[in-house]
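A short write-up of the structure that comes next.
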Amino acid sequence: MAFPKAVTDAWHMVALSRDVKRGGVRKVSLCNTPIALFRSEAGLGALVDRCPHRNYPLSEGRVHEGALECPYHGWRFGVDGACEAVPGCMTETRSDAKLRAETVRVYEAHGAIFLALSEEAPERPDLPPDFGNPDLDHFWWQQGTWEGRAFDAIENVMDPFHTNHLHHGFIRRRDKRLPVNLIVTHFDDGIAMTIEQTQPDLGLMSRFLEKDRSRSISRYHAPTIVQARWEGETKLTLCVTAIFTPATDGTFTPFARFSTPKGLAPGWLKQAAIRLFLAPVVKQDRDALARQHEVMTHFGHPRFTSGPGDILDLRLHQLWQGHRLEPSEEEIVKAEL
Ligand code: FES
Ligand SMILES: [Fe+2]
């Protein structure tokens, strides 16, 4: 199996609620399993994307009479997977277990749709702090499916050193660095890196979006969520929750939820500003992950060397694999970013 059990056993975000409207069908991929999501009067359904009859992809069907109809012979499946009708036949099919489509557990909250492929997943996804905090303005940003591995994307966002170089001018600068303290702490299902610095970053983004800065924290909540928080002297300036859903071995679907304190500026304005500044940075990361994946695919496997800046790498990998970290004292590393 390509993914650790801890990953296949977890809940994963696969779509925004607004992308699966009533009467709509959407194909998603999760850990190499294609799934048909659909919404009818009966609610939201998720079926493994293969008709139990003759293996036609159900995601190419339509929602009809409250069920998902396969385009091939028109069998209809309810949100619970039961076969509601075999057109042309008078037989009652609902209670016939062998005609059922395979269902996947669904959970929907905060404008997001989550799926669990495994029975071993807990009852609900475990969401990070402030994810649904009503005192903050939230908006979602979605970028389709990217080339590369979900784990490499997680490492990318947890790694501050690439920001001076790959994102030169946007986030930080490669020619002018600031002294920082990197503080690493372990917590129940993850690891956090706090960056303490005396002034905001020298890139464009901070100059426009941040007034003052005392610290930023990136927390990895295994297996697929990274939450970055920027805090000024007194309070939270911006919280970004990034979710990296493994779609296939070589692709992933990232989702980002931006949360900001209410009242500073209207939500739409903040949204426009964040999108404007972030778009080039996101593109740089997207291209880098695709190039990295191309090289790993060419050589048949990844090969990584850890340098002095790769403070978290082994531990990120352990968490991804489902291991827990021992409680430890905070570590402080001095660096220039
Ligand atoms: S293959 Fe789906 S109804 Fe026959
Ligand atoms: Fe980046």
Side-chain angles (χ1 to χ4, degrees), residues 25 27 34-36 38 45 47-65 67-78 81-89 91 93-94 96 98-103 141 143 146-174 193 195 201-206 209 216 218 220 226-228 230 238 240-244 252 254-256 258 274-275 277-293 309-310 312-313 316 337:
V25 187
K27 182 184 177 114
I35 292 153
F38 69 104
L47 303 177
V48 172
D49 197 12
R50 101 160 148 174
C51 180
H53 182 219
R54 291 293 183 267
N55 293 272
Y56 203 91
L58 290 171
S59 59
E60 289 176 21
R62 59 166 183 163
V63 175
H64 184 52
E65 295 188 2
L68 181 56
E69 180 189 77
C70 176
Y72 201 171
H73 307 87
W75 290 23
R76 286 202 301 275
F77 303 94
C83 177
E84 304 209 328
V86 172
C89 300
T91 328
T93 52
R94 199 159 216 297
D96 191 340
K98 73 173 187 306
L99 304 182
R100 293 178 70 84
E102 198 182 332
T103 53
W141 201 25
Q143 298 281 314
W146 294 21
E147 293 296 313
R149 303 186 311 174
F151 179 74
D152 295 321
I154 290 164
E155 203 191 26
N156 165 289
V157 290
M158 289 298 292
D159 157 39
F161 287 93
H162 85 283
T163 57
N164 291 75
H165 221 82
L166 187 68
H167 306 305
H168 170 68
F170 286 104
I171 298 185
R172 297 189 169 96
R173 300 189 60 86
R174 60 178 167 239
M193 181 187 275
I195 305 180
D201 296 326
L202 299 173
L204 271 178
M205 247 169 64
S206 285
L209 298 175
S216 68
S218 299
Y220 173 40
V226 174
Q227 190 176 70
W230 286 263
L238 172 65
V240 184
T241 308
I243 304 180
F244 300 94
F252 63 96
F255 298 93
F258 291 83
I274 291 170
R275 279 168 189 264
F277 286 106
L278 223 56
V281 172
V282 167
K283 186 175 183 317
Q284 288 167 331
D285 280 328
R286 183 176 189 155
D287 291 346
L289 287 158
R291 302 295 284 149
Q292 173 191 31
H293 189 248
D310 300 310
L312 304 182
D313 63 349
L316 293 178
L337 289 177

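Counting starts at 1 for both ligands and their atoms, in listed order. One-based numbering along the sequence shown.
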Would T91 and D96 satisfy side-chain contact (heavy atoms from CB on, under 4.5 Å), going step by step from the backbone distance to the final call? CA-CA 10 Å; T91 328; D96 191 340; over 6 Å; no
Which protein N, O or S atoms lie under 2.8 Å from the Fe ion (ligand 2), given by chain and residue number? H162 NE2, H167 NE2, D285 OD1, D285 OD2
Any side-chain donor near an acceptor of the partner, E147 and H293, under 3.5 Å: no
Using side-chain contact (heavy atoms from CB on, under 4.5 Å) as the criterion, list what pairs up with D287, not counting sequence neighbours. K283
Is the backbone N or O of C83 less than 3.5 Å from a side-chain atom of T93, with the two atoms forming a donor-acceptor pair by type? yes
Separation between CG (L337) and CG (D201), nearest 0.5 Å, reads 8.0 Å
Would you please name every residue forming a salt bridge (charged side-chain N to carboxylate O under 4.0 Å, His left out) with R173, sequence neighbours left out? D175
Protein-derived N, O or S atoms sitting under 2.8 Å away from atom 2 (Fe) of ligand 1 total 2
Rounded at 0.5 Å granularity, tell me how far CD in Q143 sits from CZ in R286. 6.5 Å
Would one find more than 12 heavy atoms of other residues, nucleotides or ligands at under 6.0 Å from atom CZ of R50? no
I would like to know whether W141 and V282 meet side-chain contact (heavy atoms from CB on, under 4.5 Å); could you show each step before the answer? CA-CA 11 Å; W141 201 25; V282 167; 3.6 Å; yes
